Q: 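My questions will all concern the structure given below.
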Protein chains: 2
Amino acid sequence: MTETGAAPAPLGRRERKKAATRQAIADAALDLFLERGYDDVSIREIADAADVSTTTLFKHFSGKEALVFDRQDEMKAHQLAVVRERPRGQSIPVALREHALRYRQINPDDEPEAAAFLDLVGRTPALLDYQHAAWLENTTALARIIAEDSGLPADDPACTALAHFALEAPRAARHHQDRAEAITRAFDLLEQGWQSITSGTHKP
Amino acid sequence: MTETGAAPAPLGRRERKKAATRQAIADAALDLFLERGYDDVSIREIADAADVSTTTLFKHFSGKEALVFDRQDEMKAHQLAVVRERPRGQSIPVALREHALRYRQINPDDEPEAAAFLDLVGRTPALLDYQHAAWLENTTALARIIAEDSGLPADDPACTALAHFALEAPRAARHHQDRAEAITRAFDLLEQGWQSITSGTHKP
DNA sequence: AAAATAAGTGCAACCGATGCACTTTTGAAA
DNA sequence: TTTCAAAAGTGCATCGGTTGCACTTATTTT
């Protein structure tokens with residue numbers, strides 16, 4: 001009753017509690033994962049650590065992988081923003097390339113949390129797959145942006161192809177020692193092809 | 001006692017029985033899958049139908065998906081062969097494109113079994129993912145062929161990128177009504193890019 | 001105050017998969 | 001032939017992820 005303030009947003013007590021529970025679960029999960037590795041932590045353990053039942057856990061998260069990528073939505077939005085707000089004159093493939101390269105460049109001394117997180121994902125195949133699948137969900141949105149930008153029809157298959165390949169580029173570079181260079185070369189291929197398609201060749 | 005012949009190949013009784021068991025399992029699995037759908041058939045049912053234990057089943061197949069793609073090895077080999085034995089003068093991307101297009105063109109009236117199989121795979125996400133992963137395992141081999149053919153170093157990232165993207169092309173075309181056209185356009189992008197890379201830039 | 005809503009609980013169960021100890025078959029050596 | 005070791009197969013128990021169901025709370029609405 002005496003609690004007056006603390007209601008800046010239109011969030012009822014209920015929704016706040018829900019959010020808190022969700023956060024508690026995600027935090028507990030990430031702690032355990034970082035400490036012992038993804039595969040060596042069970043759902044039951046996480047639920048115990050967060051002091052909820054496994055049933056409750058699965059009402060908040062669609063699966064085990066989703067516990068790790070709690071904020072994947074933000075990353076996806078960020079990726080699209082990078083393309084939309086790219087410097088004038090910069091091509092879309094280049095913007096995507098820069099984004100891909102930047103993502104891999106986090107300094108362990110600078111951002112230890114982010115580094116540990118990336119490491120966790122990087123050494124867990126299940127997480128790599130999940131992340132990549134989520135990544136690809138941006139294909140359609142990205143294709144639309146490309147189409148708008150180049151004046152092609154919104155459903156032009158070439159736009160989808162470029163979007164898909166660009167999102168796939170980091171994976172294509174996976175097995176090379178120098179990943180950054182491999183990514184660059186993959187994007188070179190795409191950019192050259194894209195130039196040919198959008199400029200010349202159409203009508204001889 | 002009266003069984004005299006029937007040992008033309010260097011296959012002992014043992015290996016024949018093993019192969020028979022494996023085949024029985026795969027057949028039972030495919031029958032059930034086609035009849036009721038992949039997700040609605042359990043491993044235990046398949047094992048029962050083939051009259052073996054689940055333990056035995058898993059000694060023959062690495063997982064549930066592997067029951068469906070019993071002959072994936074042949075398909076992979078075939079794919080590489082298509083590239084190696086392509087008509088003189090035909091580029092590698094074109095050979096891959098033709099192969100990709102041909103794979104999708106099976107006439108239900110002509111090859112009902114193959115059609116039913118493709119349909120089963122096509123409507124089961126788990127199987128699509130598994131198939132695609134197996135598909136991508138050809139990336140390295142394909143990259144090597146591309147490198148040899150174009151005189152680039154065997155580990156040139158551009159070759160890996162082209163191989164990866166080409167294998168990815170069918171997926172990029174997934175959401176278009178006219179899949180064949182979408183695949184063609186995706187390969188156009190790759191081919192143009194590849195030409196630019198291999199013709200120009202080498203040594204000015 | 002009562003009814004409607006939604007969070008959370010507890011439990012049992014299913015499914016894919018694995019490990020272990022055990023029996024049977026089979027190929028070949030003794 | 002007898003014997004022996006490897007390999008195939010079995011049975012069972014168990015694990016971890018996931019879901020369904022019936023049930024108790026807490027909060028919101030009427």
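Protein chains get the first letters and strands the later ones, always in sequence-line order, with residue 1 at the start of each. The shown structure was predicted, so the numbers you read here are calculated from the model rather than taken from an experiment.
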Q: I'd like to know if the side chain of A/S196 and the backbone of A/Q192 have a donor-acceptor N/O pair within less than 3.5 Å.
A: yes
Q: Have a look at B/T55 and say if it touches a base, only the backbone sugar-phosphate, or nothing, with a 4.0 Å heavy-atom cut-off.
A: base
Q: Rounded to whole Å, how long is the line connecting atom CZ of B/F58 with atom P of D/dG9?
A: 15 Å
Q: Looking across every strand, which nucleic acid part, if any, lies under 4.0 Å from A/S42 by heavy atom: base, sugar-phosphate, or nothing?
A: sugar-phosphate
Q: NA contact type, B/D51, heavy-atom cut-off 4.0 Å: base, sugar-phosphate, or nothing?
A: sugar-phosphate
Q: Strictly below 4.0 Å, N to O, side chains only: are A/D119 and A/R123 in salt-bridge contact?
A: yes
Q: From NZ of A/K18 over to P of D/dT27, roughly how many Å is that when rounded to an integer?
A: 15 Å
Q: Nearest-Å distance, CD1 (A/I25) to P (C/dG8)?
A: 7 Å
Q: Between C/dC11 atom P and A/R44 atom CZ, what is the distance in whole Å?
A: 13 Å
Q: Do the side-chain N or O atoms of A/K17 get closer than 4.0 angstrom to the phosphate oxygens (OP1, OP2) of C/dA7?
A: no
Q: Starting from C1' on C/dC20, measure out to NZ on B/K59 and report it in whole angstrom.
A: 10 Å
Q: Please determine if A/E74 and A/R71 form a salt bridge, counting it only when a charged side-chain N lies under 4.0 Å from a carboxylate O.
A: yes
Q: How close or far is atom P of D/dT10 from atom CG of B/D48, stated in whole angstroms?
A: 11 Å
Q: Salt bridge between A/R144 and A/D149, side-chain N to carboxylate O under 4.0 Å?
A: no
Q: Mind telling me whether B/F69 and B/Y130 have parallel, tilted or perpendicular rings, with 30° and 60° as the class edges?
A: parallel
Q: Does C/dG8 have OP1 or OP2 sitting under 4.0 Å from an N or O in the side chain of A/H60?
A: yes
Q: Any side-chain N or O of A/T21 less than 4.0 Å from the OP1 or OP2 oxygen of C/dG8?
A: yes
Q: Between C/dC15 atom C1' and B/Y38 atom OH, what is the distance in whole Å?
A: 11 Å
Q: Atom CD1 of B/I43 to atom C1' of D/dT10: distance rounded to whole Å?
A: 17 Å
Q: Can you figure out which of D/dT18, D/dG9, C/dT18 approaches the side chain of B/T56 most closely?
A: D/dG9
Q: Below the 4.0 Å mark, does D/dT18 have OP1 or OP2 next to a side-chain nitrogen or oxygen of A/K64?
A: no
